Amino acid sequence: MSVPFLDLAQQHAALNEEIHQALSAVIAHGCFINGPETAAFERDFAQACSAEHCIGVANGTDALHIALRASGVGPGHEVIIPAMSFAATAEAVVLAGATPVFADCLPDSHTLAPRQAEAAITPRTRAMIPVHLYGHPADIATLSDLAAAHRLALIQDCAQAHGATLGSRPLASFGGIQCYSFYPGKVLGALGDAGAVVTNDPELARWMRMFANHGRQGKYDHLFSGTNSRLDSIQAAVLGLKLRNLPQWLEGRRRVAAQYARFLAKLPGLELPVLPLEDHALHLYVVLHPRRDALKDHLQKHGIGCGVHYPTCLPDLPAFSPYGGGDFPNARRLQERCLSLPIYPEMTEGQVQEVARAVTDFVTSQDAR
Ligand SMILES: *Cc1c(COP(=O)(O)O)cnc(C)c1O
């Protein structure tokens with residue numbers, strides 16, 4: 001039995017009729033940009049995040065860029081980000097004209113380490129972007145205090161954290177701007193690129209809505225030079241109906257994670273994710289092993305899809321090496337050892353067992369040494 005890394009076809013098959021109805025409705029009314037579906041999704045997603053405002057944008061990278069611009073970040077400024085994330089976190093800082101400054105991640109949750117972040121603050125620092133990596137909430141309680149003490153903007157990269165909380169508190173309650181991606185493979189994914197910014201601050205919300213829509217107030221009333229980054233009505237329609245399934249999908253992911261934790265407990269050399277299950281969005285289930293590449297080959301040979309998130313930490317990528325330098329022992333350990341196992345809500349216990357059996361075979365074999 002082969003187990004795919006992700007099975008979007010299965011998710012979409014279950015929603016097939018609803019999706020087609022939603023798409024037909026948009027085609028019929030023809031309001032493809034800023035249509036009623038976009039307004040409805042923004043309202044529903046804000047509510048799902050327990051936040052006041054949501055503005056749909058074109059993708060998660062734009063969400064981060066727009067949040068930085070709204071926070072007044074520009075040339076000459078520095079923004080502290082974790083050394084391990086998807087490239088977009090650093091890219092958005094560069095897009096805004098500022099300099100990314102990397103800080104190491106924590107050894108257990110793999111999210112921005114507050115002490116390292118604090119040590120990276122200079123008089124040029126304007127903002128900090130903690131990433132809720134893999135769906136594990138960053139230590140946002142400590143980081144938001146740190147941001148407040150140094151008057152830094154707090155921008156949360158929530159691209160992997162739909163449905164994550166911290167101590168059951170919504171991420172929005174820690175302040176700043178939360179940036180979401182609805183890239184198809186995310187926990188809540190569109191049928192293409194899409195994203196959103198979420199905040200409780202009405203001034204930031206107003207500015208971001210205008211910036212993402214050509215800096216305008218009325219149709220041709222452009223108050224400042226913005227950009228075109230909007231959530232299409234078609235994508236909003238699909239996201240709106242998918243959002244209703246999010247609680248149940250999160251539950252499914254948490255079930256799979258709990259099963260992995262049971263089947264993979266106490267295996268030699270294998271580190272499992274630390275799981276505050278009720279807070280974790282479980283976008284990815286990442287294990288660590290010193291012979292990651294060999295384990296990955298073994299799983300693939302047995303028809304099990306897996307991934308590496310990510311093989312190179314941000315300061316070591318050619319794109320960001322001009323900003324690199326420094327010591328990031330936890331991020332570098334992670335890049336060498338991390339392996340993402342299949343996780344999606346429709347996964348059966350049999351499939352989880354299949355993956356666990358293949359992992360167990362490898363880590364208890366001679367090859368694992
Ligand atoms: C996916 C992702 C993004 C970027 O989102 P896009 O919609 O692909 O632009 C940003 N940060 C993180 C951590 C991500 O995983």
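As the structure lists them, so they are numbered: ligands from 1, and atoms in each ligand from 1. Quantities reported herein were computed from a predicted structural model and do not represent experimental measurements.
- Per-residue contacts place Val131 under 4.0 angstrom from the following atoms of ligand 1 (heavy atoms of the residue considered): 13 (C).
- A donor and an acceptor atom, one from each side chain of Asn16 and His12, are nowhere located under 3.5 Å apart.
- Less than 4.0 angstrom separates some heavy atom of Ala88 from each of these atoms of ligand 1: 3 (C), 4 (C), 10 (C).
- Of all atoms in ligand 1, numbered sequentially from 1 with element shown, those under 4.0 Å from a heavy atom of Thr61 are 4 (C), 5 (O), 6 (P), 9 (O).
- In terms of protein heavy-atom proximity, atom 15 (O) of ligand 1 is nearest to Gln160 NE2, 2.8 Å.
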Report all side-chain donor-acceptor pairs from residues 290-309 shorter than 3.5 Å, counting only partners two or more places apart or in another chain.
unit_1: Arg291; atom_1: NH1; unit_2: Asp367; atom_2: O; d: 2.1
unit_1: Arg292; atom_1: NH1; unit_2: Gln335; atom_2: O; d: 3.1
unit_1: Arg292; atom_1: NH1; unit_2: Cys338; atom_2: O; d: 2.8
unit_1: Arg292; atom_1: NH2; unit_2: Gln335; atom_2: O; d: 3.1
unit_1: His298; atom_1: NE2; unit_2: Ala358; atom_2: O; d: 3.2
unit_1: His302; atom_1: ND1; unit_2: His298; atom_2: O; d: 2.8
unit_1: His309; atom_1: ND1; unit_2: Ser340; atom_2: OG; d: 2.7

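- Within a 6.0 Å sphere centred on CZ of Phe224, other residues, nucleotides and ligands contribute more than 12 heavy atoms.
- Considering backbone and side-chain N/O atoms, Tyr183 never comes within less than 3.5 Å of an N/O atom of ligand 1.
- Protein heavy atom in closest approach to atom 11 (N) of ligand 1: Asp157 OD2, 2.8 Å.
- Residue contacts with ligand 1 include Lys186, since one or more of its heavy atoms lies under 4.0 Å from the ligand.
- Phe211 does not carry Arg69 over the face of its six-membered ring by the limits of under 6.0 Å from the centre and within 45° of the normal.
- Tyr344 and Tyr285 have their aromatic ring centers separated by at least 6.0 angstrom.
- Interface atoms of ligand 1 facing Ala159, defined by a heavy-atom separation under 4.0 Å, are 2 (C), 3 (C), 10 (C), 11 (N), 12 (C), 14 (C), 15 (O).
- Remark: ligand 1 atoms within the under-4.0 Å shell around heavy atoms of Ser85 are 13 (C).
- One finds a salt bridge joining Arg332 and Asp316 here, because a Lys/Arg side-chain nitrogen approaches an Asp/Glu carboxylate oxygen to under 4.0 Å.
- Heavy atoms of Asp193 stay at 4.0 angstrom or farther from ligand 1.
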Show the atom names and distances, to 0.1 Å, of all donor-acceptor pairs under 3.5 Å that link a side chain in residues 191-205 to residues at least two apart or in another chain.
unit_1: Thr199; atom_1: OG1; unit_2: Gly176; atom_2: O; d: 3.0
unit_1: Thr199; atom_1: OG1; unit_2: Asp201; atom_2: N; d: 3.1
unit_1: Asn200; atom_1: OD1; unit_2: Glu52; atom_2: N; d: 2.8
unit_1: Asn200; atom_1: ND2; unit_2: Ala172; atom_2: O; d: 3.4
unit_1: Asp201; atom_1: OD1; unit_2: Glu203; atom_2: N; d: 2.9
unit_1: Asp201; atom_1: OD1; unit_2: Leu204; atom_2: N; d: 3.0

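- Separation of the Tyr180 and Phe45 ring centroids falls under the 6.0 Å cut-off.
- Near Gly60, the atoms of ligand 1 lying under 4.0 angstrom from a non-hydrogen atom of the residue are 5 (O), 6 (P), 7 (O), 9 (O).
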